[in-house]
Each structure stands twice: as C-alpha cells, then as structure tokens.
Protein chains: 2
Amino acid sequence: MSLPHAILTALLEKPSSGLALTRRFDRSIGYFWSATHQQIYRELGKLEQAGFIRALPSAQPSRGQKKEFEVLPAGRRELTRWAGGEQDSKPIRDALLLRLRASAVVGRAGLDEELRRHLTLHRRQLAEYEEIEDRDFGAATDPEDRLRRLVLRAGIGLETFWVEWLAQALAEVTELDAAAEDGPEGPGDGPAG
Amino acid sequence: MSLPHAILTALLEKPSSGLALTRRFDRSIGYFWSATHQQIYRELGKLEQAGFIRALPSAQPSRGQKKEFEVLPAGRRELTRWAGGEQDSKPIRDALLLRLRASAVVGRAGLDEELRRHLTLHRRQLAEYEEIEDRDFGAATDPEDRLRRLVLRAGIGLETFWVEWLAQALAEVTELDAAAEDGPEGPGDGPAG
DNA sequence: ACGGGCATGTAATTAGTTACATGATTAA
DNA sequence: TTAATCATGTAACTAATTACATGCCCGT
C-alpha cells in the first residue's frame with residue numbers, strides 16, 4: 001500500500017493539482033508506480049483529511065475548479081517514516097508469460113504476432129527512457145538527481161531485458177512453427193489453430 | 001483478469017486439488033502469476049459453476065476432504081480463446097523504486113541496508129531459477145518444454161537484471177553517503193537520519 | 001449560446017488481501 | 001486422546017478498475 005507515499009513524494013517534488021498529478025503519474029512517476037485519476041483524487045481526499053497535505057490557499061474549494069496541494073510537515077514525517085521501513089516487492093503477474101505457458105498446452109496460434117506487438121511496445125518505451133536520460137540527466141551531479149537517475153536506469157534495464165528476451169522468444173517460436181510445418185509429429189496441439 | 005486462465009493452464013498440465021494448486025502457485029506457476037489459496041478456492045468454485053472444470057468422481061464433496069479438479073472441453077476452449085487475444089502487461093508498481101525516489105526527497109537513511117536486503121533476495125531467487133533450469137530443462141527438445149523454458153528464462157533474465165542493478169545502486173548510494181560524511185554541503189536532507 | 005477540453009468527483013464492480021473457522025487424517 | 005498438519009472454506013476489508021456525472025473556462 002504505497003500510493004499515498006507515491007503522492008507525497010510527487011507533491012514534495014512539486015505541489016500540484018489532481019489532474020497535474022495524474023499527468024505526472026502517466027509520465028515520470030508512472031515508471032515505477034502507476035495510478036489512475038480516480039485513485040489519485042480519492043487518495044488526495046484521504047491525505048488531506050489525515051492532515052498530511054493541504055490545498056493551497058489560492059485554490060477555491062468548488063467543483064470543476066483547480067485545486068493545488070502541498071505537503072505539510074506531518075506528511076513529510078509520514079513519508080520519512082515509511083522510507084525508513086522495508087518495502088517488499090510484490091510477486092510477478094505477467095499475462096504474456098502466462099500466455100506462453102498456456103500456449104505450451106493449447107497451441108501457439110497467433111503467439112508470434114503477440115510477441116512482435118510486445119517487442120514494438122517495449123522498444124518504444126526504451127527509446128523514451130533513453131531520451132529522458134539524455135535530456136534530463138546528462139550531467140546529474142547532485143545526490144537527488146543521481147538517485148532519480150538510478151530509478152530511471154532501472155526502467156531502462158528492465159525494458160532492455162524485455163526487448164532482448166522478446167527477440168529471443170520470437171526467434172525460438174518462429175523456429176518451432178517452421179519445424180512443425182516441415183514435419184508435424186508428436187502428440188502436440190499443432191503450431192497454429 | 002487472468003487468474004482463471006492461470007488455473008486452467010495449471011489444471012491442464014496436471015489435474016490437482018486446491019491445496020496442490022496453491023503449492024504450484026507458490027512454486028512454478030508463481031514465477032509469472034501469483035495467487036493465494038483463498039483466491040484459488042474462490043476461482044475454482046466459479047470455474048466449476050461455469051462448466052469449465054469438474055471435480056474428479058473419486059473425490060467426495062465434503063469439507064476437509066481432498067477434491068481434485070480436471071479441465072472440461074469447454075474449459076480448454078475458453079483457454080484457447082483467451083490465448084488467441086492480446087495480453088497487455090500491467091504498468092509497473094515497484095515499492096523499492098518508489099522508495100528511492102522518496103529518498104531523494106526525505107533522505108537516504110537506511111537505504112543501503114534495504115538495497116542489500118533486496119540484493120540477497122534476488123540472488124537467492126536467481127539461484128533457484130538456475131537450479132530448476134539445470135534440473136528440469138537440461139535438454140528441452142519438445143515444443144512444450146521449449147516454451148516453458150522460455151518462460152523460466154524470462155524469470156532468470158529479470159532476476160539477473162535486478163541483481164546487477166542493485167549492485168550498481170548500492171555502489172552509488174555508498175559513494176553518496178561517503179561523500180556526504182566527508183564534506184556535507186548543499187541544502188539536501190543529509191545522508192542518514 | 002454552445003461545443004470542446006479542463007478539472008474534479010461519485011458509483012458500482014471486480015480483484016486481491018488478511019484473518020479466521022471448520023473438518024479430516026495421521027502419528028505420538 | 002490429543003496435537004499437528006492437511007485441506008477446504010467464509011467473512012470482512014482494502015485496493016483497483018470501469019463507467020459515468022458535474023461544473024468551469026475559453027474560443028467561436
């Protein structure tokens with residue numbers, strides 16, 4: 001349960017309105033913690049009630065009106081407390097890997113297209129990360145930016161892994177399909193429906 | 001929403017009881033799709049009602065009594081249908097990366113220990129995967145095992161990435177802490193509480 | 001005055017987690 | 001005969017997703 005802490009971090013980096021936060025979650029924050037605008041508005045309400053953040057005085061409290069938030073001392077303390085503890089990474093849930101395993105049982109129909117599709121997506125994401133690194137962290141010297149660059153490099157490393165793995169998987173699946181077309185044998189479910 | 005398909009895949013590979021499934025989700029299946037026993041029992045009930053699976057006739061329907069399930073033709077069709085579509089991987093939510101970003105704002109107290117802890121965990125997981133590959137996929141020749149080995153290799157690749165990234169992150173954080181101790185300067189929050 | 005995009009929010013549903021309850025089997 | 005473990009299940013809660021509702025502001 002780290003969404004409140006993601007929001008506190010984002011607001012400490014820069015006070016923002018709900019929609020502005022949503023945009024940042026779609027971009028930089030989303031590289032390690034994703035959230036929709038509904039989650040964000042709900043959580044902003046809770047954080048405000050808990051006394052961790054407050055609306056900037058300039059913002060009127062009316063629907064449809066922009067409302068900017070900043071972190072209060074209690075909010076910073078809470079984030080510091082959280083950052084002092086242990087964060088367990090949640091176990092993996094990857095639908096593509098599940099599909100591969102399913103394909104081993106019910107056949108590989110359409111699998112190569114799906115691998116190609118993911119390969120395109122991950123190549124695009126990798127390019128985006130690398131562009132950001134060049135643009136924003138060309139010469140990161142202060143401790144804050146060096147930590148943020150580490151986070152970005154995790155994203156780059158992960159995307160690099162996926163691109164390489166997908167290329168390898170695609171090669172292997174293509175080979176399997178070709179072999180099955182040449183001489184179908186064995187009790188398998190066939191290469192393509 | 002892929003838990004039912006994870007269960008169908010697992011049951012096609014080998015008919016099992018709820019607890020046996022739970023054990024497999026803690027092990028091989030859990031490498032790409034995790035689930036608790038409560039989720040599994042609930043989902044088994046739904047799948048049975050939907051006519052996708054059935055209890056083996058040998059199993060009595062009483063509480064505390066083992067009850068084994070197998071996949072019915074309709075269940076296999078459903079899995080085939082699902083495997084024919086697109087599977088979007090969910091956006092990342094990684095608490096450790098979030099914590100790094102938070103540490104850039106509220107200070108790095110305890111960060112090195114946390115990185116070391118994760119490093120140990122990922123090294124252990126990597127060793128486990130590699131052992132499995134040696135043991136179960138030494139000479140994977142049939143298409144089914146080659147696909148399953150691809151899945152395992154994704155796990156190996158991911159863990160390898162984390163181990164490397166964590167080592168790098170630890171080196172950098174250690175360096176930052178040392179520099180801060182030598183000559184603390186700038187408006188930062190300090191290296192350790 | 002209205003259409004489009006900005007901005008905040010509600011409601012309903014589904015998925016996932018945590019805690020606990022119950023019965024069956026087995027071995028000391 | 002009792003304790004441990006196997007095995008299935010209920011209940012309550014929290015988080016996340018999906019769909020929709022409302023009001024503001026700006027350009028035409």
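Lettering of chains follows the sequences in order, A, B, ..., and the numbering in each one begins at 1. Note: hydrogens, waters and symmetry copies are ignored here, and every other heavy atom, side chains too, is used.
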*Asks:* Got a salt bridge between R148(A) and D145(A), using NZ or NE/NH1/NH2 to carboxylate O under 4.0 Å?
*Replies:*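 Judged by the 4.0 Å cut-off on N to carboxylate O distance, R148(A) and D145(A) do form a salt bridge.
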
*Asks:* Shortest non-hydrogen contact from R99(B) to G84(A)?
*Replies:* NH2-CA, 4.1 Å

*Asks:* Generate the contact string for nucleotides 13-20 of chain D. Rules: B means base contact, S means sugar-phosphate contact only, - means no protein heavy atom under 4.0 Å.
*Replies:* --SBBBBB

*Asks:* Please set out all donor-acceptor pairs under 3.5 angstrom arising from side-chain atoms of residues 120-127 of chain A, sequence neighbours excluded.
*Replies:*
residue, atom, partner, partner atom, Å
T120(A), OG1, R116(A), O, 3.1
H122(A), ND1, E159(A), OE1, 2.5

*Asks:* At how many degrees, to 10°, do the end axes of the helix from dA1(C)-dT28(D) to dA28(C)-dT1(D) meet when each uses five pairs?
*Replies:* 10°

*Asks:* Are OP1 or OP2 of dG9(C) and a side-chain N or O of Y41(A) less than 4.0 angstrom apart?
*Replies:*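 The answer is no; no side-chain N or O of Y41(A) sits under 4.0 Å from OP1 or OP2.
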
*Asks:* Closest to the K67(A) side chain: dT8(C), dA7(C), dT8(D)?
*Replies:* dT8(C)

*Asks:* Using side-chain contact (heavy atoms from CB on, under 4.5 Å) as the criterion, point out the one residue from L47(B), L44(B), L72(B) that pairs with L11(B).
*Replies:* L44(B)

*Asks:* Side chain of L19(A) only, please: which of dA24(C), dT8(D), dT8(C) is the nearest?
*Replies:*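 From the listed options, dT8(C) comes nearest.
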
*Asks:* Could you list the residues that satisfy salt bridge (Lys or Arg N to Asp or Glu O under 4.0 Å) with R117(A), not counting sequence neighbours?
*Replies:* E114(A), E86(B), D88(B)

*Asks:* Just jot down the ring pair (Phe, Tyr, Trp, His ring centres under 6.0 Å) partners of W33(B), sequence neighbours excluded, or say none.
*Replies:*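 Scan of W33(B) (ring pair (Phe, Tyr, Trp, His ring centres under 6.0 Å), adjacent residues dropped) gives none.
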
*Asks:* In chain order, what residues pass the ring pair (Phe, Tyr, Trp, His ring centres under 6.0 Å) check against Y31(A), with sequence neighbours excluded?
*Replies:*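 If we apply the ring pair (Phe, Tyr, Trp, His ring centres under 6.0 Å) test to Y31(A), skipping adjacent residues, the hits are Y129(A).
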
*Asks:* Which residue, R24(A), E68(A), K66(A), forms the side-chain hydrogen bond (donor to acceptor under 3.5 Å, both in side chains) with S16(A)?
*Replies:*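 Going through R24(A), E68(A), K66(A) one by one, the side-chain hydrogen bond (donor to acceptor under 3.5 Å, both in side chains) with S16(A) is satisfied by R24(A) alone.
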
